[in-house]
Amino acid sequence: MTRNGVAAWLRLGFVAAVMALLTVALVPVQIFALRYNKPLARHIARLWHKSALRLIGVRVKTSGKLPVDRPLLIVSNHVSWSDILVLGSVAEASFIARSDMENWPVLGQLARLQQTVFVNRGHKRQSRAQADAIAERMTAGDAMVLFAEGTTGDGTRMLPFKSALFGAVHAAMEKARLDEVMVQPIALAYTRLHGMPLGRFHQARAAWPGVIALWPHLFTFVADGAYDAEVVFCPPIKFTRATPRKEMTAMTREAIRAAFSATLRMR
C-alpha cells in the first residue's frame, strides 16, 4: 500500500472514530429531545452535521439567508450524499428521502433520529398521502428539505424536477388554513478541492451519481477532504392555492438552475 493509501485509511479511521463517539454521546440526548423539546432536537441535528463537516474538512459558504416564516418547503438540487450534511449544517431542517434509505445500516437510523420523511416516488398512487405527511410536518413548524430531482446528478447540470411532492405546499395551505405558503429554492454546488477549482472534469470527485456505490465514494470523499461547498439561498417564492403544482415546480427549478449555473461559472 502506498503512503497516500495509508494516510487515507488513517484519516478515514480517525473521522469514523470521532463521529462514532460524538454520535453515541448525542443519540440519547436526541431521543429525549424528540419527545420533550423539538427545538432542541433540531439544534442537535444541526450540531451533528456541522461537526461531521468540520471533521471531513468541508467548508461551507452561504449566500442569502433562510426565512423565518413557516410553513416552509426548502427545495434544492442534489449532487451527492454529502448534500445532507451541507444543508443540515446551515439550516435546522428535516429531509425528505427515498424509502429504501430507511433500512440502510447506521445511516437509516440516523435519518430517523433527524425525523426524515421517507417516500416511495415509484408509487404515484401514494403521492397524495406522502404530500400530506410532509405538509403535516410543515404545519408543525418543521422546515422540510426536498431534493426535487429525485436522485443525484453529476455536479455539472441539473436533472428535471419531479412535481408530485410539491403537492405538500397545497396540502399545508389546507391544513393551516393559509392563502399562501413559502418555498425556499436553494442552489448547492461543490466548487473547490484543496483550494483549487474543481472544474467540470473533477466534479465527479464530489458528485455521487446513483449508479456509483455509496461506500467507495464516501471513502474517496472523506480521504480527499478540504472541499468547498457553496449554498445559495435564492429569493423565497410565495405560492397561493391557485398556483398549479407544475408551475411551482418550473418556477422553483428555474431559480435554482440560474443560481447553480452562476455559482459554477464564478468558480
Side-chain angles (χ1 to χ4, degrees), residues 34 37-43 45-46 62-78 83-84 87-88 90-99 114-121 123-150 158-188 231-262:
L34 285 172
N37 191 329
K38 289 294 181 67
L40 175 61
R42 298 185 191 113
H43 179 72
R46 186 176 181 184
T62 61
S63 175
K65 61 181 181 179
L66 196 69
V68 296
D69 294 353
R70 298 293 184 273
L72 179 68
L73 180 67
I74 300 171
V75 182
S76 174
N77 62 303
H78 203 5
D83 298 351
I84 294 174
L87 294 183
V90 299
E92 292 185 354
S94 295
F95 292 85
I96 301 162
R98 65 180 194 259
S99 57
Q114 199 181 345
Q115 304 179 82
T116 297
V117 173
F118 298 98
V119 297
N120 190 335
R121 293 178 181 269
H123 287 210
K124 292 186 177 180
R125 293 181 181 178
Q126 297 178 10
S127 294
R128 179 56 192 262
Q130 291 173 159
D132 285 346
I134 296 165
E136 190 75 35
R137 294 284 302 282
M138 290 168 61
T139 54
D142 291 323
M144 301 302 298
V145 179
L146 171 64
F147 294 115
E149 292 161 291
M158 286 170 45
L159 302 173
F161 278 13
K162 301 180 185 299
S163 66
L165 296 182
F166 278 83
V169 176
H170 285 145
M173 291 183 208
E174 293 175 9
K175 290 179 182 297
R177 298 181 180 178
L178 297 172
D179 294 324
E180 58 185 24
V181 163
M182 192 172 295
V183 172
Q184 172 62 65
I186 286 182
L188 191 161
V231 176
V232 179
F233 292 93
C234 306
I237 307 172
K238 287 185 177 180
F239 292 114
T240 70
R241 292 172 182 263
T243 311
R245 193 182 67 208
K246 290 187 181 296
E247 184 177 328
M248 289 185 203
T249 307
M251 291 178 64
T252 305
R253 186 183 189 279
E254 178 53 28
I256 297 172
R257 186 206 60 77
F260 177 69
S261 299

What pairs with P244 under side chain to side chain contact (heavy atoms under 4.5 Å, CB included), at least two apart in sequence or on another chain? E247
Within the distance-only criterion (no hydrogens, no angle test), does the side chain of Q184 pair as donor or acceptor with the backbone N or O of C234 below 3.5 angstrom? yes
For R257, give me all partners under side-chain hydrogen bond (donor to acceptor under 3.5 Å, both in side chains), at least two apart in sequence or on another chain. E254
Distance (rounded to the nearest 0.5 Å) between Q115 CD and M144 CE: 8.5 Å
T243: partners by side-chain hydrogen bond (donor to acceptor under 3.5 Å, both in side chains), with sequence neighbours left out: T240
Which heavy atom in P71 sits nearest to a heavy atom in A172, and how many Å separate them? CB-CB, 4.4 Å
Hits for salt bridge (Lys or Arg N to Asp or Glu O under 4.0 Å) against R42, two or more places apart or cross-chain, chain-then-number order -> D142
Partners passing ring pair (Phe, Tyr, Trp, His ring centres under 6.0 Å) against H170 (at least two apart in sequence or in another chain): none
With F260, which residues qualify under ring pair (Phe, Tyr, Trp, His ring centres under 6.0 Å), at least two apart? none
Of all heavy-atom pairs between N77 and F147, which one has the smallest distance, and what is that distance? O-CD2, 3.5 Å
Using a 3.5 Å distance criterion without hydrogens, assess whether the side chain of Q114 forms a donor-acceptor pair with backbone atoms of A93. yes
How long is the straight-line distance from CG of L188 back to OG1 of T62, given to the nearest 0.5 Å? 11.5 Å
Apply salt bridge (Lys or Arg N to Asp or Glu O under 4.0 Å) to E136 and list each qualifying residue two or more places apart in sequence or on a separate chain. K175
Applying salt bridge (Lys or Arg N to Asp or Glu O under 4.0 Å), can you list everything that pairs with K238, at least two apart in sequence or on another chain? E180
Kindly say whether L159 contributes a backbone atom to a donor-acceptor pair with the side chain of R253 at under 3.5 angstrom? yes
Side-chain heavy atoms of S76 within contact of L87, under 4.5 Å: yes
Qualifying residues under side-chain hydrogen bond (donor to acceptor under 3.5 Å, both in side chains), relative to T252, sequence neighbours excluded: none
Knowing that exactly one of D83, I74, V145 qualifies, which makes a side-chain contact (heavy atoms from CB on, under 4.5 Å) with F95? V145
Is any side-chain heavy atom of L73 closer than 4.5 Å to a side-chain heavy atom of L146? yes
Quick one: are M251 and V183 in side-chain contact, heavy atoms under 4.5 Å? no
Evaluate the side-chain proximity of E149 to F161: yes if any heavy-atom separation is below 4.5 Å, no if none is. yes
Please lay out, stage by stage, how R241 and D179 fare under the test side-chain contact (heavy atoms from CB on, under 4.5 Å). CA-CA 6 Å; R241 292 172 182 263; D179 294 324; 4.1 Å; yes
Contacts of R70 that satisfy side-chain hydrogen bond (donor to acceptor under 3.5 Å, both in side chains) - sequence neighbours left out: none
One should read off an interatomic distance between T139 OG1 and R177 CZ, to the nearest 0.5 angstrom, of 12.0 Å
Heavy atoms of V181 and L178 approach each other most closely as CG2-CD1, 4.2 Å
Specify the closest pair of heavy atoms between G150 and K162, including all atoms of both residues, with the distance to one decimal. CA-CE, 4.3 Å
Who pairs with R245 by side chain to side chain contact (heavy atoms under 4.5 Å, CB included), at least two apart in sequence or on another chain? S163, F166
In Å and rounded to the nearest 0.5 Å, what is the CD1 to CG distance from I96 to L165? 6.0 Å
Where the side chain of Q130 meets the backbone of N120, is there a donor-acceptor pair that is under 3.5 Å apart? yes
Sequence neighbours excluded, which residues qualify as salt bridge (Lys or Arg N to Asp or Glu O under 4.0 Å) partners of E174? R128
Can you find a heavy atom in the side chain of V117 that is under 4.5 Å from one in the side chain of S94? no
